[in-house]
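Here the structure comes first, spelled out in structure tokens, and everything after it is commentary.
Counting starts at 1 for both ligands and their atoms, in listed order. The chain is numbered in sequence order, starting from 1.
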Amino acid sequence: MHSEYAPAGSPRRALAGRRLTRVPRRFPGTALILLLASASASLAQLQPPPEPPGNPLTTSKANLGEALFWDEQISSTRTVACGTCHLPTVGGEDPRSGVDPLAVHPGPDEVFGNQDDVFGSPGVPLNGADGLYDWSTHFGLLEQVTGRRTLSAINAGYSPELFWDGRATNEFVDPVTMTVILESGAALESQAVGPPVSDVEMAHVGRVWTDVLARIDESEPLALSPQVPLELIDWIAGRSYAQLFEDAFGSPGVTAPRVAMAIASYERTLFTDRTPFDDFVAGDDEALTTQEAAGRSLFAGAAGCDNCHQGILLTDHSFRYTGVRPQTDDIGREEVTGHPDDKGKMRVPSLRNVELRAPYMHNGRFATLEEVVEFYDRGGDFPNSEISPLGLTTQQKEDLLAFLRRPLTDPRLAQELPPVFDRPRLYVESERVPRVEGSGRPGSGDLVPEVVALEPALIGNPSFTVGIWNALGAADAWLVIDDQDPGLVLPGSGDLWFEMISLQGAGPGAGFGSVSVTIANDPFLEGREWFGRWYVDDSGGGFPVAVSKVFRFRTFGVQQQTAIFADGFESGDTSSWSVTVP
Ligand code: HEC
Ligand code: HEC
């Protein structure tokens, strides 16, 4: 049904040029090999993910979806996009998990630093509709972390249900009107309406979809992104989101179903069908080395991996309990079905690109594939596991690992190759993020107030929030932002901002607060550099005021995107950008 190429002139054909380009590879004697190679002949080659009947894939919808997926302005704080937690280089997951010490959730016992911790993904600080930050029990004023490890947004178009527990179902319901929009095959659409209103991932407390739509409407597409693939810039062509929605859907209207359908369309272009395993399945007998082929035999044979990691996708989409953590730690599928039989069951993940996707399992418990193989070899770690000990030899383990790595990895991901896997660069990956540096002065308890400055100083941003914590509770505090370092003595004014607040919390170190700064819509601010500090009325450290470190940043405008772009690349790896600089 989803044959790769549509007739000339159809929208599908145009799409094939933009994203679905697939160079057919020919192997000598393919037909004969297919007959002879029984292991591969049983599998059909990977096709593009199916589209639900009510949301056919078009180039403009996928382009709009790409812009939305990578636009941090959609989060209430303007700091988190879908892409923040779903990067191609790490197989569509989050490179911070297991690496960044702040990307840890304390797990069900709510205590950090023990076995039930989860290596998750940082989203937004706990924030309100007024843009101000509140104190989160586990994360303070810093980004809150998801209670599960990410799953990949790449190849996600193949699953009938999404998330570890399958709670994103194939029927898509408009989150505003609660009417059924798509009756089947729409798990991606169902999933996409979750994060923008999750107050851990992208939302302020109490945010609803009409808030999200208002934000999209008032934002210039990808205004925060310092570099955008040329093709996408060309398509956006300076238009507003309202105009892009009209182009993509044929009539005016920025609605929740359209946001979901555009994002899902983009995600349906993100599939990886160019692995050595795909060549092997297509009949190329030399696609796998001898050791990789031995690993494949073990995987599909004695080790029994393909009882669950079945077929061309390496998953049968079932829910299983393997004994990664006690069943009651995270009840998984039971939360959706209500059946005690489903306690602790998680969706069997595809193993495509698994080499890039460490750490592993729903809690990110294993840092390496070696640890995963050891886990299976010992038959899981908790009672009722559906897997049994294997007793593999060292050689067999190595063979299995060899199969899990190169053969399942699409080489386009690591380099984010165009036309499919290139992407807008994020604000958080740029030098636009305020930098905290220098030193401050302590207050009570010998504690130096800490500054939180994460948000983008985009010209016209009505809510550039700056936080303070680790200060004296209930004390007065001043935020000063000036065109030079305002220093260690409380100044009488600040060129960009000067505001006093009373800190919340009680006692030394327990005080916190935030201020929402308005960055005027004034072209004069373009590229100007600013320096800010917090001053706390607290002489307990032996100084008249306690002072935070300095945070510095430049106010920037939308038009800088193109300027930086045309100049070439100031920093980082440039190989992955689909741009030829004129
Ligand atoms: C703060 C990090 C974060 C952000 C932002 C985020 N995600 Fe995710 N994503 C996750 C986590 C964690 C999971 C797994 C959660 C679970 O299963 O309970 C997930 C799961 C998914 C899945 C399911 C994959 C599967 O195989 O089940 C898709 C698809 C996805 N996200 C797409 C998106 C889209 C689209 C957006 C933006 C609208 C987005 N994500 C925003 C962290 C994030
Ligand atoms: C009974 C079904 C089942 C069998 C058999 C099975 N797996 Fe799994 N596998 C799962 C489930 C379910 C998960 C996710 C578990 C979780 O996170 O709690 C998983 C997770 C994984 C992961 C981590 C993937 C990720 O994205 O984090 C790897 C790697 C893996 N399995 C490899 C194997 C190998 C190799 C074998 C054979 C030795 C095997 N599996 C056998 C069900 C199974």
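- Using a 4.0 Å cut-off between charged nitrogen and carboxylate oxygen, R268 and E51 do not count as a salt-bridge pair.
- Among protein heavy atoms, atom 27 (O) of ligand 2 sits closest to M361 N, 2.8 Å.
- Electrostatic pairing of K397 and D377 counts as a salt bridge here, judged by a charged N lying under 4.0 Å from a carboxylate O.
- Using a 4.0 angstrom heavy-atom cutoff, H362 does not count as in contact with ligand 1.
- Of all protein N/O/S atoms, those under 2.8 Å from atom 8 (Fe) of ligand 1 are H86 NE2, and waters are not counted.
- Distance from atom 5 (C) of ligand 2 to its nearest protein heavy atom, with residue and atom name: G304 O, 3.5 Å.
- Contact check on R333 versus E161 returns a salt bridge, with a Lys/Arg side-chain nitrogen under 4.0 Å from an Asp/Glu carboxylate oxygen.
- With respect to E455 and R78, no salt bridge is recorded, no charged nitrogen being found less than 4.0 Å from a carboxylate O.
- Not a single donor-acceptor pair under 3.5 Å links the side chain of R320 to the backbone N or O of V348.
- Residue-level proximity to ligand 1 for I263 is carried by the side chain, the only part with a heavy atom below 4.0 angstrom.
- Judged by distance alone, with hydrogens and angles left aside, the side-chain atoms of S265 form a donor-acceptor pair with the main-chain N or O of M261 at under 3.5 Å.
- The atoms of ligand 1 that sit less than 4.0 Å from any heavy atom of A81 are 5 (C).
- The shell of residues lying under 4.0 angstrom from ligand 1, judged by heavy atoms, excludes G120.
- Within a 6.0 Å sphere centred on CD of E218, other residues, nucleotides and ligands contribute more than 12 heavy atoms.
- Residue contact check for ligand 1: R347 places a non-hydrogen atom closer than 4.0 Å to it.
- Checked by distance only, ligand 1 and E161 stay at 3.5 Å or farther apart across all their nitrogen or oxygen atoms.
- Scanning the protein heavy atoms around atom 35 (C) of ligand 1, the nearest turns out to be E267 OE2, 3.4 Å.
- Every atom of ligand 1 with a heavy atom of T146 under 4.0 Å away is listed here by number and element: 12 (C).
- In terms of N/O distances under 3.5 Å, ligand 2 is approached by R357.
- Salt-bridge formation is not detected for the pair R215/E72: no Lys NZ or Arg NE/NH1/NH2 atom is positioned less than 4.0 Å from an Asp or Glu carboxylate oxygen.
- In this comparison of M346, R325, E371, the heavy atom closest to atom 12 (C) of ligand 2 sits on M346.
- Per-residue contacts place G123 under 4.0 angstrom from the following atoms of ligand 1 (heavy atoms of the residue considered): 1 (C).
- Heavy-atom proximity to R320, at under 4.0 Å, picks out these atoms of ligand 2: 1 (C), 2 (C), 12 (C).
- At a heavy-atom cutoff of 4.0 Å, ligand 2 is contacted by the side chain of L369 but not by its backbone.
- W164 does not carry R347 over the face of its six-membered ring by the limits of under 6.0 Å from the centre and within 45° of the normal.
- Contact atoms of ligand 1 toward V80: 5 (C) (distance under 4.0 Å to a heavy atom of the residue).
- Considering only residues two or more places apart in sequence or on other chains, F375 meets the ring-ring contact (aromatic ring centres under 6.0 Å, His included) condition with F366.
- For atom 25 (C) of ligand 1, the closest heavy atom belonging to the protein is L162 CD2, 3.3 Å.
- No donor-acceptor pair closer than 3.5 Å links the side chain of E189 to the backbone N or O of A264.
- Defined by atom type and a distance below 3.5 Å, a donor-acceptor pair is missing between the side-chain atoms of N353 and T409.
- Using a cut-off of 4.0 Å between Lys/Arg side-chain N and Asp/Glu carboxylate O, R365 and D381 are scored as salt-bridged.
- Contact atoms of ligand 2 toward W164: 14 (C), 17 (O) (distance under 4.0 Å to a heavy atom of the residue).
- Every atom of ligand 1 with a heavy atom of R149 under 4.0 Å away is listed here by number and element: 12 (C), 14 (C).
- With salt bridges taken as basic N to acidic carboxylate O contacts below 4.0 Å, one links R148 and D165.
- Ligand 1 does not have S198 within reach: every non-hydrogen atom of the residue lies 4.0 Å or more from it.
- Enclosure of atom CD in E374 by more than 12 non-hydrogen atoms of other residues, nucleotides or ligands within 6.0 angstrom is indicated.
- Between F112 and F139, the ring planes lie perpendicular to each other; the angle is over 60°, past the 30° to 60° tilted range.
- Shown here are the protein N/O/S atoms lying under 2.8 Å from atom 8 (Fe) of ligand 2, water excluded: H309 NE2, Y376 OH.
- Distances shorter than 4.0 angstrom occur between a heavy atom of A192 and an atom of ligand 1.
- Partners of F249 by ring-ring contact (aromatic ring centres under 6.0 Å, His included), not counting sequence neighbours: none found.
- Ion pairing between a basic and an acidic side chain is recognised when a charged N comes within 4.0 Å of a carboxylate O; D273 and R412 show such pairing.
- At a heavy-atom distance under 4.0 Å, no atom of A168 approaches ligand 1.
- Neither the backbone nor the side chain of S159 comes within 4.0 Å of ligand 1, counting heavy atoms alone.
- Heavy atoms of Y321 come nearer than 4.0 angstrom to ligand 2 in no pair at all.
- In this structure, D329 pairs ionically with R325, as a charged nitrogen and a carboxylate oxygen lie closer than 4.0 Å.
- Across all non-hydrogen atoms, the minimal contact from D109 to N114 is OD2-ND2, 2.6 Å.
- A salt bridge links R423 and E429; the closest N-O separation between the charged side-chain nitrogens and carboxylate oxygens is under 4.0 Å.
- Between F245 and Y241, the ring-plane angle classifies as perpendicular under the 30° and 60° cut-offs.
- Using a 4.0 Å cut-off to heavy atoms of Y360, the atoms of ligand 2 that qualify are 23 (C), 25 (C), 27 (O).
- Under the side chain to side chain contact (heavy atoms under 4.5 Å, CB included) rule, W209 has a single partner from T177, V193, D174, which is V193.
- Scanning all protein heavy atoms for the shortest distance to atom 20 (C) of ligand 1 gives F163 CE2, 3.6 Å.
- Close approach of ligand 2 to V324 is summarised as follows: ligand atoms under 4.0 Å from at least one heavy atom of the residue are 16 (C), 18 (O).
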